[in-house]
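Have a look at the structure below, then the notes.
Any value given below was found using the heavy atoms of this structure, including those in side chains, with hydrogens, waters and symmetry copies removed. Chain letters run A, B, ... following the sequence lines, proteins first, then strands; residues in each count from 1.
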Amino acid sequence: MSETPAGLDFIRQRISEDVAAGSRVITRFPPEPNGRLHIGHAKSICLNFGVAAEFGGLCYLRFDDTNPEKENEAFVQAIQEDVRWLGFDWGDHLTHASDYFEQLFQLANQLISANKAFVCGLSAEEMRETRGTLTEPGVNSPSRDLSVAENLALFREMREGKHGDGSYVLRAKIDMSSPNINMRDPVLYRIRHVHHQRTGNDWCIYPTYDYTHCVCDALEEITHSLCTLEFEDHRPLYDWVLDNINLNVHPPQIEFSRLGLEYTVMSKRLLNKLVSEQHVAGWDDPRMPTISGLRRKGVRAPAIRDFCERIGITKQNNTIEMSLFDFCVRKDLEADTHRAMCVLEPLKVVITNWTEDTQGALSAEPLTAPWHPKKDLGRRVLPFSKEIFIERSDFEEVRPRKYKRLSPGEMVRLRMAFIIRCDEVIKDDAGNIQELHCTYFPESRSGSDKSGLKPKGVVHWVSAMEGQYCDVRLYENLFLEKQPDVSELAGALNPASFKQLNAIIEPAALLGDIHHFQFERQGYFVKDETDSSALKTVFNRTVTLRDIRPG
RNA sequence: UGGGGUGUCGCCAAGUGGUAAGGCACCGGGUUUUGAUCUCGGCAUUCGCAGGUUCGAGUCCUGCCACCCCAGCCA
């Protein structure tokens with residue numbers, strides 16, 4: 001696929017060494033169902049599922065559902081849909097951290113029995129106060145020296161619901177003076193009397209990420225636990241837990257850098273905020289970097305996969321330029337997307353020498369055009385009439401240097417049709433251009449041009465008579481800055497990120513079951529399935545065409 | 001400040017002691033009835049900085065500097 005089979009990234013190098021030494025490859029993608037997946041998750045999905053496929057292994061889709069307060073079933077379903085849409089298959093390896101709640105509980109008891117964990121009665125505030133700081137060690141909890149029997153009893157009571165939320169936690173007994181704050185007797189279990197989307201009211205204590213993740217990895221015999229850089233500091237804890245329970249499986253945790261993309265944000269907290277504060281229309285708003293948003297904007301899965309391949313896997317902090325993403329999107333669409341003509345901001349053109357006779361002659365042999373310039377996708381008919389619309393921006397009264405469009409006295413080709421010359425500019429009293437009067441050259445018919453004329457350029461057009469109205473939504477970056485300052489979210493947003501136009505499109509485009517289009521000279525667009533109706537079709541702009549103009 | 005990481009072209013990224021891949025972007029030429037696509041060419045005497053080891057250093061050593069992450073009963 002990639003034209004640049006660069007050296008393997010450091011993770012694949014490591015894995016291929018392990019495979020050479022006889023290891024299997026079992027990975028996992030472990031989303032928390034508290035939001036929808038975004039392009040950053042796609043990087044991880046492509047890595048985990050990709051690596052599994054490349055080395056003949058398998059990849060679990062495991063929901064990390066240890067915090068029922070924030071998670072829900074709708075996200076569980078949406079995440080599965082997104083992963084599947086991206087083109088990955090977890091087979092029957094769909095699991096949840098909650099599948100292992102019982103084992104996690106038993107193992108926690110083992111930890112207590114081994115005097116490696118204790119029940120702590122400190123409040124959250126007290127715990128913060130005794131944790132110490134980056135430079136000062138913490139102090140031991142007064143509960144730290146409870147007997148094994150007392151801890152076992154207390155933990156049982158926690159599980160039985162005899163204590164209120166926040167009254168007790170189970171903590172690992174490690175080292176309050178560790179320079180790594182994660183090792184200062186971290187919390188393993190907390191009390192939460194809340195309903196869990198899968199286990200219902202079976203539990204009122206829930207394990208924390210640090211305790212859960214490594215154990216689930218071990219239980220699933222994950223061979224390579226790949227995660228992002230911010231978990232690097234948690235690795236000693238990951239290892240501590242597995243070293244202190246007797247599962248005899250110890251996956252290595254390997255960290256890589258998360259994706260940064262210009263003009264957007266990737267944190268679920270912020271994306272959630274954008275949705276809940278209604279700065280966008282929803283998780284699938286086409287301006288969102290979510291998988292569903294990109295899909296609704298018209299981006300296809302191969303483009304996302306290609307993008308993830310091109311950005312690579314390293315430990316360097318990175319911010320990818322949007323131009324690379326756009327490149328991948330266009331590259332994917334270019335090869336097989338139907339072309340159509342759609343006038344976004346219409347300017348009427350009257351063909352003064354067009355008569356009923358010429359109209360009659362044309363109907364005997366209508367204009368047609370291929371759906372695609374290279375790939376054979378068939379042809380469509382292009383109705384033509386005395387009045388047509390061209391793009392307002394395709395006409396200038398005063399011609400700029402190297403201008404390849406229409407201006408007074410000049411000629412331009414109507415794409416796939418005739419050459420016209422602008423004879424007269426009709427204006428209203430205020431001086432606004434109302435319409436253009438042009439003559440067409442019968443000999444210049446596309447495909448059989450005998451006119452010998454050399455027009456300045458080519459413009460798209462739609463017949464006024466047959467053209468259909470449609471809504472076209474133009475999307476731009478959600479944020480103003482490449483690296484938005486999110487401390488003031490509202491102010492960082494691009495007010496021009498969304499614009500809807502009432503456009504006119506050639507009739508053939510609305511007839512079939514074609515979803516993705518390239519509107520010639522403008523960009524790629526996709527039918528919006530949720531907002532289109534029988535009365536009006538809505539198109540979302542996926543990405544503009546590359547546009548190199550002088551100046 | 002303690003700990004953990006990272007520094008190779010504008011943005012990514014190969015490079016694993018033998019004389020700086022590739023992609024995107026950018027600049028120039030060609031083709032073109034999309035200023036698209038396609039195509040050809042250009043684009044790091046230098047690898048955060050300073051020393052050192054070596055016949056030879058982006059790769060090894062030492063010392064600096066910069067940036068990122070960590071003080072949730074979030075993940």
Item checked: Partner residues of A/Tyr100 under the ring-ring contact (aromatic ring centres under 6.0 Å, His included) criterion, sequence neighbours left out -> none
Check: OP1 or OP2 of B/rC69 sitting under 4.0 Å from any side-chain N/O of A/Arg258?
Finding: no
Classify the side chain of [X] and the base of [N] as holding, or not holding, a donor-acceptor pair under 3.5 Å.
X: A/Asn180; N: B/rG4; result: no
X: A/Arg405; N: B/rG35; result: yes
X: A/Arg269; N: B/rC74; result: no

Item checked: Mutual orientation of the aromatic rings belonging to A/Tyr440 and A/Phe418 [parallel < 30°, tilted 30-60°, perpendicular > 60°] -> perpendicular
Notebook entry, point to check: Rounded to the Å, how far apart are A/Arg184 CZ and B/rC70 C1'?
Noted result: 10 Å
Note to self: Suppose you measure atom P in B/rG23 against the same atom in B/rG42; what distance do you get, rounded to whole Å?
What the structure shows: 12 Å
Applying side chain to side chain donor-acceptor pair (under 3.5 Å), name anything that partners [X], two or more places apart in sequence or on another chain.
X: A/Arg156; result: none
X: A/Asp99; result: A/Arg198
X: A/Ser123; result: A/Glu126

What residues form a salt bridge (Lys or Arg N to Asp or Glu O under 4.0 Å) with [X], not counting sequence neighbours?
X: A/Arg171; answer: none
X: A/Glu481; answer: none
X: A/Arg399; answer: A/Glu410

Produce the list of close N/O pairs, under 3.5 Å, pairing protein atoms with atoms of nucleotides 5-9 of chain B; give distances to one decimal.
{"residue": "B/rG5", "atom": "O2'", "partner": "A/Glu232", "partner atom": "OE1", "Å": "3.4"}
{"residue": "B/rG7", "atom": "OP1", "partner": "A/Gln316", "partner atom": "OE1", "Å": "3.1"}
{"residue": "B/rU8", "atom": "OP2", "partner": "A/Gln316", "partner atom": "NE2", "Å": "3.3"}

Look for any protein N or O under 3.5 Å of an N or O in nucleotides 38-44 of chain B and output each such pair with its distance, or none.
{"residue": "B/rC38", "atom": "O4'", "partner": "A/Lys374", "partner atom": "NZ", "Å": "3.4"}

Note to self: Students often get this wrong, so: under 4.0 angstrom with heavy atoms, is A/Gly523 touching a base, only sugar-phosphate, or nothing?
What the structure shows: nothing
Checklist line | Pairing nucleotide - B/rU45, Watson-Crick or G-U, each distance under 3.5 Å | finding: none
